[in-house]
Amino acid sequence: MKQPPNVHDAESIPAAARDAIDALLQSGDLFRYTAPQGAPVALLEREFAELLGSRFALAVSSCSAALFLSLKALGLPRDARVLIPGFTFAAVPSSVVHADCIPVLCEVGDNYRIDLSDFEAKLDDVRAVIISHMRGHTSDMDAIMSLCEARNIPVIEDAAHSLGTTWNGHNIGTIGRVGCFSFQSYKMINAGEGGILITDDADLVARAVIMSGAYEHNWKKHGEIPEDLAEAFERWQNRLPLYNLRMSNLSAVVIRPQLPELVRRVRDGRTNHDYVAERLNNSPHFHVPDPLSSEERAPDSIQFNLIGLDEAEIRDFAAAAAALGVSVQVFGLSQDNARAFWNWQFLQEIPELPKTRAMLMKACDVRLPVRLTREELDTITDILLAAMEEVTRPARAYGT
Ligand SMILES: *Cc1c(COP(=O)(O)O)cnc(C)c1O
């Protein structure tokens, strides 16, 4: 069988970034607030807000920082309960803990999306909700928004893996009160590290900007400031702590030339994913859940459930694929997995979530960077099918 591609290498950064990087190195102007206007970070914020169709954007050091600032900007009191999915990255409950709030975990179903009956049952005493569209699988935002709006509960979208995904034609990240994105290397746009939040709420963004580290009147360097935003800045000046989670100009110049690549990356990622999904779904032992009907996905990895295998066979399958060169992460079986809720031992209390646990014990994760060719996709898929064949082949009867 062919050698599979390296799925951890990133796509190279567009050459257009080089001139901007050189200019920054020449001037030494790396801090977003040195120039009075037009710093690369401020330009990125305007371009990103326009791209997604939201009024405001604030670029920060990571998506985790964006989530933390969103919670702080909502003004939640200490020990407020924040509902999050039981299947997400450990950074999400961590951002809640960081904001002095208490994460409440709800069940996630076999299709990696929030279990709406558990969600509704746990909604009554929560003060905010974070929806993690985990691995870019969109939960039912129509149902979630109507449940939350009826109770006046703000929704933060963790869209770290959903840049380019749409729901009923609207960009994911623009449906809740705030949307948070990541520029960490394994996401659709790669700056090594970085994050951004978007919102239409002037008061919320003013608070987030100040807390991100716009000390004194540095908020004046955020480009054009409409009247309601200027009023909000005046209102909050000197009244909020400064957490200094700013983005550097160097990150912004790496990100900006990647924005025009997004459409292509999303298209290729979806085509690649759907091709592999179709091949895997032809086997009775693989199940790649369908997207929801309102959703157009932007995947750069694939998740599938293993059907009819016990835990030992699932481990054997992952080992057989690894021996052939494809790394399959079973969320609930790989050691110390940061997406398995029982490993979030920094929480005061870890609830039992039987549905989520059952899903994690058979759900597999394989990276499919959008740059892969059809041939490379076939090599990966052939290996997955061969590994399954090895595990499920009936034992041969020898002798008589
Ligand atoms: C990557 C990721 C994060 C964290 O992003 P950082 O920028 O690394 O802080 C949060 N949530 C999800 C769903 C992610 O995939």
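Numbering of residues begins at 1 and proceeds along the displayed sequence. In each ligand, atom 1 is the first atom listed, and ligand 1 is the first ligand listed.
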Discussion item. Under 3.5 Å, is there a donor on one side chain and an acceptor on the other for Ser54 and Asp200?
Written reply: no

Distance filter under 4.0 Å to [X] heavy atoms, resulting ligand 1 atoms:
X      : value
His161 : 15 (O)
Ala160 : 2 (C), 3 (C), 10 (C), 11 (N), 12 (C), 14 (C), 15 (O)
Gly194 : 7 (O)
Ser62  : 7 (O), 9 (O)

Fill in: Phe87 reachable from Val92 in the ILVMFWY side-chain graph, under 4.5 Å edges
yes

Practice prompt. Look at the aromatic rings of Tyr243 and His98 and report parallel, tilted or perpendicular, splitting at 30° and 60°.
Written response: perpendicular

Note the single closest protein heavy atom to [atom], along with its residue, its atom name and the distance in Å.
atom                    : answer
atom 15 (O) of ligand 1 : Lys187 NZ, 2.8 Å
atom 11 (N) of ligand 1 : Asp158 OD2, 2.7 Å
atom 5 (O) of ligand 1  : Cys63 CB, 3.3 Å
atom 4 (C) of ligand 1  : Ser64 OG, 3.8 Å

Discussion item. For Tyr33, does the six-membered ring have the charged nitrogen or CZ of Arg246 within the cation-pi criterion, i.e. under 6.0 angstrom from the centroid and within 45° of the normal?
Written reply: no

Practice prompt. Taking the six-membered ring of Tyr275 (Phe, Tyr or Trp), confirm whether the NZ or CZ of Arg374 is under 6.0 Å from its centre and within 45° of its axis.
Written response: yes

Worksheet item: Counting N and O atoms only, with roles assigned by atom type, does the side chain of Arg81 sit under 3.5 Å from a partner on the main chain of Ile102, one being a donor and the other an acceptor?
Response: no

Discussion item. Polar contacts were defined as any N/O atom of the residue lying under 3.5 Å from an N/O atom of the ligand; does this apply to Arg135 and ligand 1?
Written reply: no

Practice prompt. Measure centre to centre between the rings of Phe48 and Phe56, then say whether the value is under 6.0 Å.
Written response: no

